[in-house]
There are 2 protein chains.
Amino acid sequence: MNIGEVADRSGLPPKTIRYYEDIGLVRPLRHDNGYRAFREHDLHKLAFLGRARTLGFSIEDCRTLLGLYEDETRESAQVKAVAEEHLETIDEKIRQLQSMRATLSHLVEACHGDHRPDCPILSDLAGSQPKSN
Amino acid sequence: MNIGEVADRSGLPPKTIRYYEDIGLVRPLRHDNGYRAFREHDLHKLAFLGRARTLGFSIEDCRTLLGLYEDETRESAQVKAVAEEHLETIDEKIRQLQSMRATLSHLVEACHGDHRPDCPILSDLAGSQPKSN
DNA sequence: GCTTGACCTTCCAGTCACTGGAGGCCCTAT
DNA sequence: ATAGGGCCTCCAGTGACTGGAAGGTCAAGC
């Protein structure tokens, strides 16, 4: 398989696949003309990576997970630990975004949004403390 | 004011303040010895930027907001539009993270996490479709 | 006057995970 | 012979900083 076909079947862009080879996540063979020669095994790994990335795992997590996937002697506890840590990272990000969202939506609601210049959003950014003063 | 004092009072690291000068968000004067000379006005702007960044606005949004803040002829509708667009970006990110979270937490719950190698997390990443098959 | 240490300067490189583009080779069809 | 599409490598850019090296400046203490 050439890279184009692997890209189609894995859903990853060719650029990304080359990048994954660069950083050692896949090691396709080469044809005599220099083209990468992917086997089913490589395609499988790339699909695995694509799925792991859509779940938000970092590249380093992906590397670890791929290693565990190919290690017959793994313990599921190792996989679970990686996933749980990632889950906590996600939860932390959600919390931060929701905190931003709360503040911002209050401000947006308070802003009349017309032709006049006065604006509670700017006042807040400029450091007014409308309630705790 | 030297950069250290501005850093303390704005809560931004000196490196970040220099970076903001690099990209033209603040333009401090200079002392004869080459040190940056910040006025109250600069500190105010930096605090504004720090607050806007904690609300998740991009640097380019911050530039726009700062411009509006300093423009007496602004209309609050312009500010509100920037904020609303950012709010939608945040909502989209939250949705994506919650979708990841849902999938991942199902998988984590399904994984017994012991010494045995079989693991539903890896099975999912490898492309099994446990239910729709 | 000298040293020490804190503070300041610039510049370069690295982060993360790609992505775009230039310049050029390879392959197939016409 | 040529046109096109696919493939190759290498370099640079993204966003928003952050770390570190190499060196100038300043105030305090001896």
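The figures that follow rest on heavy atoms only: side chains count, while hydrogens, waters and symmetry mates do not. By convention in this document, chain letters (A, B, ...) are assigned in the order of the sequence lines, proteins followed by strands, and residues within each chain are numbered from 1.
When all heavy atoms are compared, the tightest approach of A:Arg53 to A:Tyr20 is CG-OH, 3.6 Å.
Contact between the side-chain N/O atoms of B:Thr16 and the OP1/OP2 oxygens of D:dA16 is not found at any separation under 4.0 Å.
Residues B:Arg63 and B:Glu60 are paired through a salt bridge, judged by an N-O separation under 4.0 Å between the basic side chain and the carboxylate.
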**Complete:** Scoring nucleotides 2-13 of chain C by protein non-hydrogen atoms under 4.0 Å (B base, S sugar-phosphate only, - none) yields -----BSBBB--

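With rounding to whole Å, A:Ile23 atom CD1 is found 12 Å from C:dT19 atom P. Rounded to whole Å, atom C1' of D:dG6 lies 14 Å from atom CD1 of A:Ile17. Rounded to an integer number of Å, the gap from CG of B:Asp22 to P of D:dG15 is 15 Å. In this entry the distance linking NE2 of A:His31 with P of D:dC8 reads 9 Å, nearest Å.
The salt bridge (Lys or Arg N to Asp or Glu O under 4.0 Å) test applied to A:Asp42 returns A:Arg39, not counting sequence neighbours.
Around atom NE2 of B:His112, more than 12 heavy atoms belonging to other residues, nucleotides or ligands sit under 6.0 Å away. Atom CD of A:Glu92 has more than 12 neighbouring heavy atoms from other residues, nucleotides or ligands inside a 6.0 Å radius. Counted within 6.0 Å of CD on A:Glu85, heavy atoms from surrounding residues, nucleotides or ligands total 12 or fewer; the atom is thus considered open. By the 6.0 Å contact criterion, CZ on B:Arg30 is enclosed, its count of non-hydrogen atoms from other residues, nucleotides or ligands being greater than 12.
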Below 3.5 Å between N/O atoms, which protein atoms pair up with nucleotides 14-17 of chain C? Just atom names and distances, please.
unit_1 : atom_1 : unit_2  : atom_2 : d
C:dA17 : OP1    : A:Ile59 : N      : 3.2
C:dA17 : O3'    : A:Arg53 : NH2    : 3.3

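Using a 3.5 Å distance cut-off with no hydrogens or angles, the side chains of B:Asp114 and A:Ser76 do pair a donor with an acceptor.
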